A.B. asks: 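Just dropping this structure here.
Every value quoted in this text rests on a predicted model; they were computed, and no experiment measured them. Heavy-atom basis, side chains included; hydrogens, waters and symmetry copies ignored. Every chain is numbered from 1, with letters handed out A, B, ... down the list of sequences.
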Amino acid sequence: MKLVYQDIDKDNEGGVALIPEEPEDMWHAYNLISEGDSVRSTTIRKVQTESSTGSSSSNRVRTTLTISVENIDFDTQACMLRLKGRNIEENQYVKMGAYHTLDLELNRKFSLRKQEWDSVCLERIDMACDPTKTADVAAVIMQEGLAHLCLITSSMTLVRAKIDVNIPRKRKGFVQQHEKGLAKFYDNVMQAILRHVNFDVVKCVLIASPGFVRDQFYEYMFQTAVKTDNKVLLDNKSKFMLIHSSSGFKHSLKEILQDPAVMSKISDTKAASEVKTMETFYTTLQCEPAKAFYGKKHIEMANEAQAIETLMISDKLFRCQDVKLRKEYVRLVDSVRESGGDVKIFSSLHISGEQLEQLTGIAAILRFPMPELEEEDSDGD
Amino acid sequence: MSRHRDIRNMDYLDDYDGYDDVYGHSVEDDYYISPSNRQFIYNREHSTRSSEGDIKEEDESEAQLTDLEKTKVESCIDQIKETLGSISISRNDLINMIMKESFNVEKIINTILETPRVQPEPVKEKVNIQSTTAQSELPTIKVVSTPKTATNVTKGFDLPQKEARPPVLTPRSQSPSSDRETPTNLPNVDASEDLKTPKIRENKLDVQQVYQKERGDGKEHLYMVVIGHVDAGKSTLMGRLLCDLGQVNQRIMHKYEQESRKLGKQSFMYAWVLDETGEERNRGITMDVGRFQFETDTKIVTILDAPGHKDFIPNMISGAGQADVALLVVDATRGEFETGFDAGGQTREHGLLVRSLGVSQVAVAVNKLDTVAWSQERFNEIVAKLKAFLKQVGFKDTDVTFVPCSGLTGQNLVSKPTETELISWYDGSCLLDVIDKFRSPERPVNKPFRLSIDDIFKGTGTAFCVSGRIETGCLTVGDKILVCPNRESAIVKSLAIDEAPQAVVFAGDQATATLSGIEMQNVSVGNVLCDPTSPVQVASQFQARIVVFNVTVPITKGFPVVLHHQSLVEPVVVSKLISQLNKSTGEVLKKHPRFLGNNTSAIVEIKVSRPIALELYSECKELGRVMLRVGGVTIAAGLITKIIL
Ligand SMILES: Nc1nc2c(ncn2[C@@H]2O[C@H](COP(=O)(O)OP(=O)(O)OP(=O)(O)O)[C@@H](O)[C@H]2O)c(=O)[nH]1
Ligand SMILES: [Mg+2]
């Protein structure tokens, strides 16, 4: 994302202008814009024109509109952000108060005004505009008959393809059906890689599975690549990496991102560091339960005692429509930071963010044990 | 809400609001009293006496005993059982008798044998059996805490079960969770009573008759899963057994010998009988369950040769789910047994899994004894370790047999040993005899038809076949069936067991059905074929009572796990921790615990991303069990107690 202009006053009121440059920026914009904000951008509007003869025709025109956002919709697969709201600046085509739906577009500037810019929003802008991008990683997590092809960017993990086919088991005297089924499955996975992985941006393709599936697949893919003289695959052979995972389900990504070999290769991506923090949380819960808590009530109590060492919070909590509630979360984040704690805002699109979201969306590792909290009935569950 | 459209579903906050109203209280009411955790794990330590007021007097005689007396009583009971097999006298009467005869075992046995067995009215009898056997399974006083009045027996897991339904006597249904005895010498009253109770299926009498007619005079069919740590020699042992029984054509065996030598893997030639895929043979590792059938004097046995490698446990689970009994193979080689048995080895995990999946009889083949010169000490050392472990997992001592053998050399497999070192200290049965002595289970043929699909493949022509174990009921060619969870109907064109065509197949059979009227891509592994008039349940959210094994990190709300249900493997989320239970009494210790650590027991709610076919444990044990795994490790076993959605 490119920040073209920023004007936020002392009272945290003001606006910014941003240019989304890649799909992931739409995700940042989604997390940045709230109901009630005003957004200005160019858009396409269908307008009715009446000719002098009285016949009307409808035309599509490009125009710049400013709307007060009422509804926000994000399509993860297409990375599309759709904002719906009322027009608040009279325009030659659109009346005040008329509804319009803005689709934010790549490489087109949009301006965003907020009544109040809080620390979480500002941090999001910083994150979105950080030029030191971590490399994109593709991961194929597979087991016999099931494969997930995921694309991991710094803030998103997107499942680009899921291959789920039935492979007949081995049966006495009929192993061919099994072997044929496998070959077909491998072919499907290979096609998915060719279709979805852009080797210009992807620096590393992880192939993970239990057993020997990954080895067999790798062998199959490169044998086929040689046979068909597939340059793309052959040129990028060095980007492939084989790793163990316990299953072909998406949540096995967690294991892969913890694998030391992978860690060293993809360095410190957000996804991997989130996985690590989550793991630390669970280990603490196992060894020193009085130092690991989740759920708003417990966390707030721990924060009052200035006990929070690491706060994990899902970005989903900041997307809530309830302004008051959002403010509470922002205050919590600020307060933890003030007392020297570390705050990690998890992306709800990453694998551990998904898990955190299920775990009330908020959890913390404490500096010192607070057994008294354990007595308190949690609101988490 | 629209802004959440494409973000992962499940809005927590909304969800949470309704929580207390919907589930908060019913939980306690329904599950307050549950039988002990025998369901999963046998744990001597919790054998404390309960002081609850609702215990029937009959227990009191026991409660009054001193510790010394108790120990003596236990040893008497053990001795009596050893002599008589299992007994049909309630534990309490037995204790009274023991006290009366002041621990004179001889006398007691004579009294028992002389007393003509009184046949009380059926219901009572059942209750007695349950209590007796519950106790024999747990030779400590622990059971006292399970109230034993007729109504109380059915509490806990059995609560929703129709009161009058008699126990189904399959060893397989003897999960650790079952209160019932394996079917040895139980009076036949139950089975015959069963027949007379109508209700479950209109034509159930007919079914039983047909079953008798079809199967009555033939040998009983037994499914045996072969389990153990990787490279314990499971496939070799089975391959050799089959060869020695003449089940494998000599020409083929010769071919295997030649080809395996070419690969430099001649030591695997016998394993090739069961390891059939190129990949398995090249690597010398079983990856999926291999099957083979053979006969003993009294039985037709289908072996399910499970893979031992950690990564293939999902396949092992689907094999074990179809088995009546298990053969645990351990490598006696120094160091190797230990590797398999120590934490992280599959000997333990497999043992735990088969028990949790309802297998109650196990034979242990102490294999590769040739590598330790048939040392008796080594054998005894292994036996001692495994005995303790298997008991802890929930196998009764009487249901565990140990056989020293060597698969590679063929020692003590189908006939008495010839090795002098072995003969010098062993004169027990050979492996084949041990297998023959497994007790065949009673098949629940009267219940509505259920088959859990394990495999789908093309048949001849355009038709396609599904295979799997018939859990309950029976299936006839021409029957209309329902494939769940999609609820698509289909017609059974033909049936087969092990390639042999059949007109009708029954509960317990591992059958192949050719289906028509349904597209192959609409059927998947883990689907359940059922009787359309009495279909299986379909759920995407349910409650289960789980027992957590040794875990490295605790289970919390929102914990993603892999659910195994028969052959179905699905990613699920533990969406709520409802209550933590006392492992032995089932009493609620804590509502809404924050997390579940090692060896805890709890009621949890599980959310599946797409609906699956299942049953309440109380309705159908086979389809009411689930295993939870994370990162390739089994973390919990559970019983489905309530369907929510
Ligand atoms: N010395 C000796 N070696 C044996 C014996 N039984 C098996 N082996 C060897 O142990 C190795 C493993 O045998 P398998 O039968 O493949 O073992 P497995 O338990 O089926 O292994 P997985 O299915 O992969 O778990 C082979 O090299 C066998 O030759 C035995 O009784 N004595
Ligand atoms: Mg094997």
A.B. asks: Specify the closest pair of heavy atoms between E279(A) and V553(B), including all atoms of both residues, with the distance to one decimal.
C.D. replies: OE2-CG1, 3.9 Å
A.B. asks: Please check this pair: side chain of D311(B) against backbone of P210(A), looking for a donor-acceptor N/O pair closer than 3.5 Å.
C.D. replies: no
A.B. asks: I need the residue from P314(B), G632(B), P571(B), G597(B) with the largest number of non-hydrogen atom pairs under 4.5 Å to chain A.
C.D. replies: P571(B)
A.B. asks: What distance separates T277(B) OG1 from L182(A) CG, expressed to the nearest 0.5 Å?
C.D. replies: 8.5 Å
A.B. asks: Which value, rounded to the nearest 0.5 Å, describes the distance between F212(A) atom CZ and N282(B) atom CG?
C.D. replies: 11.0 Å
A.B. asks: Measure D322(A) against the heavy atoms of chain B and call it side chain, backbone, both or neither at under 4.5 Å.
C.D. replies: neither
A.B. asks: Are any side-chain N or O atoms of Q521(B) and backbone N or O atoms of N166(A), one a donor and one an acceptor, separated by less than 3.5 Å?
C.D. replies: no
A.B. asks: Where on Q355(A) is there a heavy atom nearer than 4.5 Å to chain B: the side chain, the backbone, both, or neither?
C.D. replies: both
A.B. asks: Which region of S318(B), side chain (C-beta onward) or backbone (N, CA, C, O), has a non-hydrogen atom less than 4.5 Å from a non-hydrogen atom of chain A, or is it both or neither?
C.D. replies: side chain
A.B. asks: How long is the gap from CG on L373(A) to CZ on R594(B), to the nearest 0.5 Å?
C.D. replies: 8.0 Å
A.B. asks: What distance do L285(A) atom CG and L596(B) atom CG have between them, rounded to the nearest 0.5 Å?
C.D. replies: 10.0 Å
A.B. asks: Any side-chain heavy atom of K254(A) within less than 4.5 Å of one from P560(B)?
C.D. replies: yes
A.B. asks: I'd like to know which of K590(B), E570(B), M287(B), E280(B) tops the heavy-atom pair count under 4.5 Å against chain A.
C.D. replies: E280(B)
A.B. asks: Nearest 0.5 angstrom please: T556(B) OG1 to Q286(A) CD, how far?
C.D. replies: 11.5 Å
A.B. asks: May I ask you to test the P168(A)-I456(B) pair for a side-chain heavy-atom distance under 4.5 Å?
C.D. replies: no
A.B. asks: Just checking, R169(A) and F457(B): is the charged tip under 6.0 Å from the six-membered ring centre and within 45° of the axis?
C.D. replies: no
A.B. asks: Quick check for you: among E279(B), H309(B), R291(B), which has the greatest number of heavy-atom pairs under 4.5 Å with chain A?
C.D. replies: E279(B)
A.B. asks: Taking every non-hydrogen pair under 4.5 Å, which of V525(B), V569(B), V523(B) racks up the most with chain A?
C.D. replies: V569(B)
A.B. asks: Can you say whether I285(B) sits under 4.5 Å from chain A via the side chain, the backbone, both, or neither, judging by heavy atoms?
C.D. replies: side chain
A.B. asks: Please name the pair of heavy atoms, one in G631(B) and one in E255(A), separated by the smallest distance, quoted to 0.1 Å.
C.D. replies: CA-OE2, 3.3 Å
A.B. asks: Is chain A contacted by the side chain of V633(B), its backbone, both, or neither, given a heavy-atom distance below 4.5 Å?
C.D. replies: neither
A.B. asks: Would one find more than 12 heavy atoms of other residues, nucleotides or ligands at under 6.0 Å from atom NZ of K458(B)?
C.D. replies: no
A.B. asks: NZ/K310(B) to OG/S246(A) distance, rounded to the nearest 0.5 angstrom?
C.D. replies: 8.0 Å
A.B. asks: Charged N to carboxylate O under 4.0 angstrom, K170(A) versus D288(B)?
C.D. replies: no
A.B. asks: Please state whether the side chain, the backbone, both or neither of T552(B) comes within less than 4.5 Å of a heavy atom of chain A.
C.D. replies: backbone
A.B. asks: Any non-hydrogen side-chain atom of Q358(A) less than 4.5 Å from a side-chain atom of V574(B)?
C.D. replies: no
A.B. asks: Give, as side chain, backbone, both or neither, the part of R283(B) having an atom under 4.5 angstrom from any heavy atom of chain A.
C.D. replies: side chain
A.B. asks: I want to know whether Y282(A) and F559(B) have ring centres closer than 6.0 Å.
C.D. replies: yes
A.B. asks: Do the side chain of E179(A) and the main chain of G278(B) share a donor and acceptor less than 3.5 angstrom apart?
C.D. replies: yes
